[in-house]
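Here is the structure we will look at, set down as C-alpha cells.
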Amino acid sequence: MTVMNMIQALNSALDVMLERDPDTLIFGEDAGYFGGVFRVTDGLQKKHGLKRCFDTPIAEGGIIATAIGMGAYGLRPIAEIQFVDYILPAFDQLVSEAARLRYRSGGEFHAPITVRAPYGGGIFGGQTHSQSPEAIFAHVTGLKTVIPSNPHDAKGLLIASIEDNDPVIFLEPKRLYNGPFDGRHGEKLKTWAGDPLAEVPEGYYTVPLGKASVVREGADVTILAYGTMVHVARAGIEDSGIDAELIDLRSIVPLDIETITASVAKTGRCVIVHEASRFGGFGGELSALVQERCFWALKSPIERVAGWDTPYPHAFEWDYFPGPGRIAAALARVMEN
Amino acid sequence: MTVMNMIQALNSALDVMLERDPDTLIFGEDAGYFGGVFRVTDGLQKKHGLKRCFDTPIAEGGIIATAIGMGAYGLRPIAEIQFVDYILPAFDQLVSEAARLRYRSGGEFHAPITVRAPYGGGIFGGQTHSQSPEAIFAHVTGLKTVIPSNPHDAKGLLIASIEDNDPVIFLEPKRLYNGPFDGRHGEKLKTWAGDPLAEVPEGYYTVPLGKASVVREGADVTILAYGTMVHVARAGIEDSGIDAELIDLRSIVPLDIETITASVAKTGRCVIVHEASRFGGFGGELSALVQERCFWALKSPIERVAGWDTPYPHAFEWDYFPGPGRIAAALARVMEN
Amino acid sequence: MPDPRLELYIPEPRHRPGDRPSFEHLALPVAGETRRPDVLEEESAMRDMPFGLVRVLDEAGQAVGPWAPDIAPDLLREGLRAMLLTRLFDDRLFRAHRQGKTSFYMKSLGEEAIGAAQAMALSAGDMCFPTYRVLSWLMARRYPLIDLVNQIFSNEKDPLKGRQLPILYSARDYGFYSLSGNLGSRFGHAVGWAMASAYRNDDKIALAYIGEGSTAEGNFHEGLTFAGVYHAPCILCITNNQWAISSFSGIAGGNETTFAAKAIGHGLPGLRVDGNDFLAIWAATRWAAERARANRGATLIELFTYRAAGHSTSDDPTKYRPSDEAEAWPLGDPIDRLKQHLIAIGEWDEERHAALAEGLDNEVRAAVKEAEAVGTLGKSKPSVREMFEDVFETPDWRLIEQRRELGI
Amino acid sequence: MPDPRLELYIPEPRHRPGDRPSFEHLALPVAGETRRPDVLEEESAMRDMPFGLVRVLDEAGQAVGPWAPDIAPDLLREGLRAMLLTRLFDDRLFRAHRQGKTSFYMKSLGEEAIGAAQAMALSAGDMCFPTYRVLSWLMARRYPLIDLVNQIFSNEKDPLKGRQLPILYSARDYGFYSLSGNLGSRFGHAVGWAMASAYRNDDKIALAYIGEGSTAEGNFHEGLTFAGVYHAPCILCITNNQWAISSFSGIAGGNETTFAAKAIGHGLPGLRVDGNDFLAIWAATRWAAERARANRGATLIELFTYRAAGHSTSDDPTKYRPSDEAEAWPLGDPIDRLKQHLIAIGEWDEERHAALAEGLDNEVRAAVKEAEAVGTLGKSKPSVREMFEDVFETPDWRLIEQRRELGI
Ligand SMILES: Cc1ncc(C[n+]2csc(CCOP(=O)(O)OP(=O)(O)O)c2C)c(N)n1
Ligand SMILES: Cc1ncc(C[n+]2csc(CCOP(=O)(O)OP(=O)(O)O)c2C)c(N)n1
Ligand SMILES: [Mg+2]
Ligand SMILES: [Mg+2]
C-alpha cells in the first residue's frame, strides 16, 4: 500500500496494465512524451517505449476511430481525451461505431476500448473545461460509463475498464485529482494524504464495474451520487445533521440497481446529486428508476440537486456548482415528510 | 384549408417562409434539385431559385457550421439532416457552438438556425435510419427540440421554429409523413386524408413552441407522448378501455410543464411513452418532473413505455417498437391502484 | 476600384434529365499514358500522379503501358467470375426487393471491378473496410451466397442475427469488416487496424473504401491525417462514381480538382485509376500494397468510375440525371472490358462466357431458393432473444428484465 | 520475397530538452524568392505556391521581391504599435495571473504580426473568426484595453458578463467573432458567414484562423470543402507556430508536407507565408482578399511562425522542447523585424521606439489599474442574474424557477 493521489493511482493502473498486457497501448493529445496535461500518463512513454504511449493529432474523432480499428484488430487501446468537453467531435464514433460494433456484426467484431477523460467542474475552467456530459453516454446502448471518486477506486475501476471487452467511457473528476473536494471552496485545499481511500495497492487489482459503494450508512434518506459529488454530499450530510445513507454509484452503466433500491426501500427518501445541468441529466433516470421500484416505500418526493440549466459559467462557478448547502437544504426538505 | 400530408405541410411551411423572408434559405444533402430523399423540399429550388434551396457536401458537421456562420451574419438558415441518425457528426457544432453562441458572446452573436431531420422508426430502416435521439438534445442547455405529430402542427411548428431566434432541432417522425400510424403494423396503411389535423391552412400561421396539446381528455391517467407515439398511445387507450388523458407535448424544450402537471394533478396517474430506448431517455426527465411536482397526487407509480435498451434491430422492429399492446398493459397496471 | 458585388456560387452538373449526356470535358488520358513511379519513390516526386489516370486496358482490350500487370489467365477468369456473379446476384436480389422479400437493396452496377480486383490483389489476412458497394470483394473471396441471401432476407439463418439492414454485411473471415449505414465512419478504423498490425510487427495491411461524396466528412480527413502521421500500412480508396444519391461530384468538390489530389495535403502518394479497368485496379493496388508492406505507409487511390444504377431501391435516378448518362460514360463497362481482354489474349470466348453466366445464375437462383425456404423478411426471423444479445459481452439487468418483460 | 515485418512509426521532434536546437533542415527560401501569381490566376497554375514561402523583409530589413507591398509608413507604424501593445499587454496580464487576479491567460509571443497585419489589410466590415492567439487583431482595431482587462478579470464590468474563460473574447463591432475553448469549431462558421455575404451580394469577406495542430480536426476539412465547393469569399489561415501544447507539428502531419499543401486537395490556392514578416502577411492577405472580392473564392494561407512562449499559464515548455529553441528560430521576431524595416527606410528610430513602448505600457498599466478598481477574479463579478440570461433569447420556466431557487 502506498498513499497515492488520484493522478498517481490512475498512472499506476496504466503502468500495471502496460506491464501485464502487451496488447494495451495508450495515446492521446499530449499523452506521450509530456505525460498528459494532467500528468496521468507521466513517465509511461519513457518506461514502456514510444509505441506504448504516444501523442496523437488533435482530432478526437480520429483518436476514437483509431482506437476502434485497433480494438477490431485485437489490441486493447486506451485513449485519452484531454477534456471530456472535447469528446463531442468523437460522439458519432462512440455512438454509431464503438457502441454498436458488436451488435451489428453479430459478434464478429467488438471494440474493447477505454476512453479516459478529465471531467467536471470546480477548477474555474469555464464553459469548455468543466462540463459533465455523462447523461448522453448513459443513454447510448452499448457503452459503459465509469466515474470514480477516490484514488483506490480510480485504479481498480480503470483496470477493470481496460480489461472489459466493451467500450468504456472513464470519466475522471478533475477536481479530485489532487485531493478530495467537498464543495467548500473557500477552505484550504486538501490533499489525499491521510484519506483511507488514498491507500492504494501498488500492483494489480480491480474494482468491478456495476458495484456501487455505500460510503456512509444511514437510516433516513438515501443520497445517490458519483464523482466529486460524493464528497460534496458528505459535507451536505454533515451540514444537515440528518442520518443519510450515501451511495457512490462508481459506474452509471452498468448501474447497481440492487444497492440503490435496497437503500431507498429502507430509508423511504431519496436525494440525487450531480454536477451536470439538471434537465435531461442522469438524475432524471435515477429518479424514474427509484420511483418505479420503490414507489410504495417513498415518504416524500425524490429530490434532484444538480447544476442549473445553463452553460457552465466562469465567474459564477460557485453559484452554479451544487454545493453542500443546496444538498443540506434538499435533505431537510425531504425530511419534512 | 387544404388536405395535406405531413410532407406537403412541411413543404408548405418552407415555401411560405422562403416567400416571406429573403433571409431564409434551405440546404442539405439532396435537398436542392432533387427535393430531399423524403421530398420535403420538392419544387422549392425550382420555384425560389438555386440560391434559396441547394445541395450540400455530405458533411453534417459542415452543414451545421455553415448554418451557424450564416446565422451569425444575419440570415435565418434552415438545414436538413437526411436522417437524424446522421446528426451525430454535427453534435459538437450543435452543442458547443449553436447552443452556446448567444450565452458565451454576451448576446453579441446568436444562431437562429433550424435543423430539420426525419426521425424515429417503424419503416424497417434498421439501426441507422430509425433512431430517436431527442434525449441528448433535451439535455443541452441552449437548444430547443420540437417534434410534431400531424400535418397541421408540423407546418405551424416549423414556421415558429424558423422564426425563433434560438437554434431549434426539428424532428419529423418519418413514419407519419404519409399517414398516421398507430402501431398496428399488420393493418392497411392509412393516409392523412380525412384526418382533421390534415386540414392545413395554405398561408402563414404558427403553432407556438412550448405549448402542449391535450389530444384526448380523460379522468383516470395521463399519458405523455410526442411524435408517432401520440397515435400509438391513442390506440393503446382504445385497447385498454381506460379513460386516459393524452397529451401531445409537441416540443420537449421548451416543455409545457403546466399542462403536464395540471393533468396529472387531476388524474393521479401517469404513463410516459417514447420510441427511444428507455434508459437515460427523455422519459426519465418527464418521470422525475411529474414525481417532483405531483408526488402527493400520485396514486400509482409513473410508468415508462419505451424502446428496449438495445440498438434498433432490423428484423425485430415490431418486437422493439413500443406498440399499443404495451401501452394498454401499462395503463392497466397503473389502474390497479 | 470596381464595386465588388459578391455572388453565391452553387455548382450544378452539366446535364439534367432531358439533356444529351457527354463526358467530353474530362479529357481522360489514354491507356498506358500515366507513368508508374517506383514503389519506394518519395511522395514529393509523385505530385503529378493525382492528376493522371492509371489505365491498362486500351480500346482493343490489350494491356498496355507501364502498369500492365503480369496476371495468370486463371486469375483473370476468377476475377471475371466474381464480377459477373456480383452483377447477376444484384439483379436477382434487386428484384427480390420489388417482390417484398426484403426491405432494401443496393447494386454495384458498373463498379464490380473494384472489390473483385482488390480482393484478389491483397492477401487473405488483409482486411477491407468496405462501403455498401463492394459486394464483388465477397464474391471474389467466395463468401457463401446463401449467407448473403439470408442476411438480405433477415431470416432465421441471417448470420447477423436480424440486427442489420440488408447488405450491411460483416464477414471477418473473408477480410470484410462490419458495414454500417453511417458514411465514412469506418475509414479511420482501417487506419487504426493497420497501425495495430504494425504495432504487432505483423504483415497484414488494411484497405478502406469511401464514396467520393463521403470524402466531405471530417472522418475522411482524420483518417488521412492519422495514416500520414503514423505511416499506417493501408490503402485508402475513394470510389468516385460521380454521384452521391442525387448530387453530382461537384457538390463534393470534384469540379475543383481530383479526389486523388487530397493525398498531397497529407504527404501521401495519390493515384487516380480507371475504376472500370480490372487490370489497372489490380496493378495500382499491388503497387500500394507493396509500398505499405515495405513500411512506406499509406497510399490514397481514387477509383474513377460511374454509378450505372440508381443509388438504392429507394432511388430513381432519372429524376436528376439523363437516363442514358451511363451509356455515354467513356470508360465502359468493367465486365465487358475484362471479357474483351481475355478474348483478345485468346483465353476466353463467347461460349465459355455464356456458360459461366448461366452457371452463376443457377448458383444465385439456388441460393435464393434455399433462403426462401428458410423465409423472407417478416416470414422468418432469428429468435427474438437475439435482440438482447451482443449489446454488451454479457447482458446487464436491464436487458435481462426487458427480455423477460417481452416474455422470452 | 523478403519477410515483411511492419513497424509502427511515431514521429518525434528533432530536439528535446537538453538538445541544441536548430532549424537548418528547413531550407527556407530567401526573401523575394517566391513568385507572386496574378490575383485571378487559375488554381491549377499555382500548385507550386504551397511549397514556397512568401517573404518580403530581408536580413537587412529591406522590403524585396514581387510581394513587397506599397504601404504608407503611417500604417506600418500603426502595425508596430498594435504588435508592441499586444506584447506589453501579454506580459502584464500573464503576470496578473501569477498574482491570482485571473484564472487563465495565453500569450501571442512571436505571433503578433499576424492579427495586426491582417486586421489592417482587411476592411472594417470584414469578420475574423479568431483563435486565442490573435490579440493583435483587437489591438490593431483599437478595441478598448479596459474591456479586455475586465473580461480577463471576470469582474462586474466584463463585457461577456462573467460567462467566458479569460481571453475568449467576442467583439462584433471590431470584426472579431466569439471565441470558444473548442479548437477548430468556428472554422466552418467563417465559411458560412462568407457564403451569407455572397448570398446577400454584400462586399464583406471572412477570415478564419486555426492552429496547425488543430488542422487535424474534421471541422477544418469540412470548412475547406464548403469553401471550395461554393467559392466562399474568405481567407482561411493556418497559424503554424510549430507547437500544439507539447506536441510538435510532426504530430499534425507537418513532417510529411506543408500545411498550405492542404489547399491543393480542395482546388484552392495555397500560400505559405513568413508569419513573422508583417509586410509579407499584409501582402498575402491583400492578394487573397482581392481574389475573394472578385468572386474567385477562398485562399488557404499557412503562416509559418514559432510559438515563443508557453502554450498558456498552465504550461511549462521547457518540459518538452529546448528552452532556447525560440532563439534559434531563423525568421526572427516580428516586432524587431518591422522596427528594423522602419528604421531602414528612415521612418523610425530607437528613441521613438522607446517612447512608444513607454506610452503603451502606461496605457496597459492604466487599464489594469482601472479594472482592478472594479475588481479581479472572485473579488467582483457581474450580477448572478447574468448566469441565467442569454441561454435563450427569453428564459423559460426552468431558468426562472432556478433563478428564484437561488434567491435572485
Ligand atoms: C453520415 C451519413 N450521412 C448521410 C447519409 C445518407 N446517405 C446514404 S448514401 C449517401 C450518398 C453517398 O454517396 P457516395 O459517398 O458518393 O457513395 P456512393 O453511394 O456513390 O457509393 C447519403 C448521403 C449516411 N448514410 N450517413
Ligand atoms: C476540440 C479540442 N480538443 C482539444 C483541446 C485542448 N487544446 C487546447 S489548445 C491545444 C493545442 C492547439 O494547438 P494549435 O492548434 O497548434 O494552436 P496553438 O496553441 O499552437 O496556437 C489543445 C490540444 C481543445 N481546446 N479543443
Ligand atoms: Mg458516389
Ligand atoms: Mg500551434
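Chain naming here is simple, since letters A, B, ... match the order of the sequence lines and numbering starts at 1 in each. Quantities reported herein were computed from a predicted structural model and do not represent experimental measurements. In what follows, every heavy atom counts, from backbone to side chain, and hydrogens, waters and symmetry copies are set aside.
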Task: Residue among B:Ile58, B:Thr56, B:Leu50 with most heavy-atom pairs under 4.5 Å to chain C - done: B:Ile58
Open item on the list: Using heavy-atom distances under 4.5 Å, tell me whether C:Asn219 contacts chain B through its side chain, its backbone, both, or neither.
Closed with: neither
- [ ] Step through the shown structure and confirm whether more than 12 heavy atoms of other residues, nucleotides or ligands are within 6.0 Å of NZ on B:Lys190.
- [x] yes
Open item on the list: Below 4.5 Å, heavy-atom pairs only: which of C:Gly162, C:Ser214, C:Pro395 has the largest tally toward chain B?
Closed with: C:Gly162
Task: Reported CZ-to-NZ distance for the pair B:Phe316 and C:Lys161, which is rounded to 0.5 angstrom - done: 10.5 Å
Open item on the list: To the nearest 0.5 Å, what is the distance between CH2 on C:Trp397 and CG on B:Asp309?
Closed with: 8.0 Å
Task: Options C:Glu12, C:Lys381, C:Lys319, C:Arg398, ranked by heavy-atom pairs under 4.5 Å with chain B, top entry - done: C:Arg398
TODO: Look up atom CZ in B:Arg326 and atom CG in C:Leu406, then write down how far apart they are to the nearest 0.5 Å.
DONE: 7.5 Å
Open item on the list: I'd like to check C:Asp315 versus B:Phe34 (side-chain heavy atoms, cut-off strictly below 4.5 Å). Are they in contact?
Closed with: yes
Open item on the list: At a heavy-atom distance under 4.5 Å, which candidate from C:Ser247, C:Gly218, C:Pro11 has the highest pair count against chain B?
Closed with: C:Ser247
TODO: Decide yes or no for B:Thr310 and C:Arg163: does some side-chain heavy atom of the first lie under 4.5 Å from some side-chain heavy atom of the second?
DONE: no
TODO: Pick one of side chain, backbone, both or neither for C:Ile245, based on which atoms fall under 4.5 Å of a heavy atom in chain B.
DONE: both
Task: Partner chain C: residue of B:Pro313, B:Gly62, B:Pro311, B:Ala329 with the largest heavy-atom pair count (under 4.5 Å) - done: B:Pro313
TODO: Compare every heavy atom of C:Ala216 with every heavy atom of B:Ala59, then report the nearest pair and how far apart it is.
DONE: CB-O, 3.4 Å
Task: For C:Leu165 against B:Gly126, the heavy-atom pair lying closest together - done: CD1-N, 3.9 Å
Open item on the list: If I compare all heavy atoms of B:Asp30 with all of C:Ser246, which pair ends up nearest, and what's the gap?
Closed with: OD1-OG, 2.6 Å
Open item on the list: At under 4.5 Å between heavy atoms, what parts of residues 79-87 of chain B are in contact with chain C? List them by residue number.
Closed with: B:Gln82, B:Asp85, B:Tyr86
Open item on the list: Can you tell me which of C:Asp158, C:Thr215, C:Val391, C:Ile10 forms the most heavy-atom pairs within a distance under 4.5 Å of chain B?
Closed with: C:Ile10
Task: Part of residues 382-390 of chain C lying next to chain B, heavy-atom separation under 4.5 Å - done: C:Pro382, C:Ser383, C:Val384, C:Glu386, C:Met387, C:Phe388
Task: Sub-4.5 Å side-chain heavy-atom contact between C:Pro166 and B:Phe124 - done: no
TODO: Check whether C:Tyr320 gets within reach of chain B through its side chain, its backbone, both or neither, counting any heavy atom under 4.5 Å.
DONE: both
Task: Reference residue C:Ser103; test side chain to side chain donor-acceptor pair (under 3.5 Å); the match among B:Glu317, B:His314, B:His129 - done: B:His314
Open item on the list: Distance check, rounded to the nearest 0.5 Å: B:Glu60 atom CD versus C:Asn182 atom CG?
Closed with: 8.5 Å
- [ ] Using a cut-off of 6.0 Å, state whether more than 12 heavy atoms not belonging to C:Glu372 lie near its atom CD.
- [x] yes
Open item on the list: For C:Ile251, which atoms come within 4.5 Å of any heavy atom of chain B: side chain, backbone, both, or neither?
Closed with: both
